[in-house]
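What follows is one structure encoded as structure tokens, with my remarks underneath.
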Amino acid sequence: MKSSKSLYYWFALFALCFIAYQQVIDNIRPNYNGNNLTVKYLLGVAPNFFPSIGIPALFVILLPSFSKTNKGNKWVNDNKHITANIISLTGLLSWEFLQTKSTKLHFDWNDVLWTLIGAFVFQLVWTITPNSYKVKYEEIK
């Protein structure tokens, strides 16, 4: 079934990014004892990078079902990958900038950069994905 194939593809990307995020946060970062500055840097920005790929993948699945009530919005239906990325970036960057007001959280420009890089990677994945795996509005009925 064509619908299932595309839904599983994007959900698998979301799940893979979610698992990578959790592994970095819960297991890899706390247990890394090395002195390699590159590894420390990458472990520091990974929690921003993985969600900026995975969250739009989830929204690519969800947006067509939201569009059922808003069938007239052709641009959102035709460009769900861009809409998903904008929604994801808005949330992720807002969270990062809210950290400037917190005493417990840490704002970092590198996190902003890697969030943007992750969004670019998602767009790249969308571009190289075969059309048969791209979720279409008609498939989510």
request  = Test side chain to side chain contact (heavy atoms under 4.5 Å, CB included) on I87 and L63 and set out the steps.
outcome  = CA-CA 11 Å; I87 293 168; L63 281 172; 4.2 Å; yes

key: Trace of the side chain to side chain contact (heavy atoms under 4.5 Å, CB included) decision for W126 with V60   = CA-CA 10 Å; W126 179 271; V60 162; 3.7 Å; yes

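Not a single side-chain contact (heavy atoms from CB on, under 4.5 Å) links T103 to another residue, sequence neighbours left out. Listed by chain and residue number, nothing satisfies the ring-ring contact (aromatic ring centres under 6.0 Å, His included) test with Y21 (two or more places apart in sequence, or in another chain). Considering only residues two or more places apart in sequence or on other chains, F122 meets the ring-ring contact (aromatic ring centres under 6.0 Å, His included) condition with W10. Shown here are the side-chain contact (heavy atoms from CB on, under 4.5 Å) partners of I86, two or more places apart in sequence or in another chain: I82, T90.
Between the NZ atom of K134 and the OG1 atom of T127 there is a distance of 6.5 Å, given to the nearest 0.5 Å. Atom CG of residue L16 and atom CZ of residue F11 lie 11.5 Å apart, to the nearest 0.5 angstrom.
L43 and L113 fall within the same hydrophobic cluster, defined by Ile, Leu, Val, Met, Phe, Trp and Tyr side-chain heavy atoms under 4.5 Å apart, directly or through other members. Note: the hydrophobic cluster containing F18 does not contain L92 (ILVMFWY, side chain heavy atoms under 4.5 Å, direct or indirect links). Both V121 and Y9 are members of a single hydrophobic cluster when ILVMFWY side chains are connected at heavy-atom separations under 4.5 Å. A continuous path of hydrophobic side-chain contacts links Y32 to I25 [ILVMFWY only; heavy atoms under 4.5 Å].
When hydrophobic side chains of Ile, Leu, Val, Met, Phe, Trp and Tyr are connected at separations under 4.5 Å, F97 ends up clustered with L89, L93, F107, W109, V112, L116.
For the residue pair N85 and Q123, the shortest heavy atom distance occurs at ND2-OE1, 2.9 Å.
Looking only at side-chain heavy atoms (C-beta outward), H81 and N79 come within less than 4.5 Å of each other.
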Side-chain donor/acceptor pairs under 3.5 Å, residues 46-59, sequence neighbours excluded:
unit_1, atom_1, unit_2, atom_2, d
N48, ND2, E96, OE1, 3.3
S52, OG, N48, O, 3.2
S52, OG, F49, O, 2.8
S52, OG, T115, O, 3.2

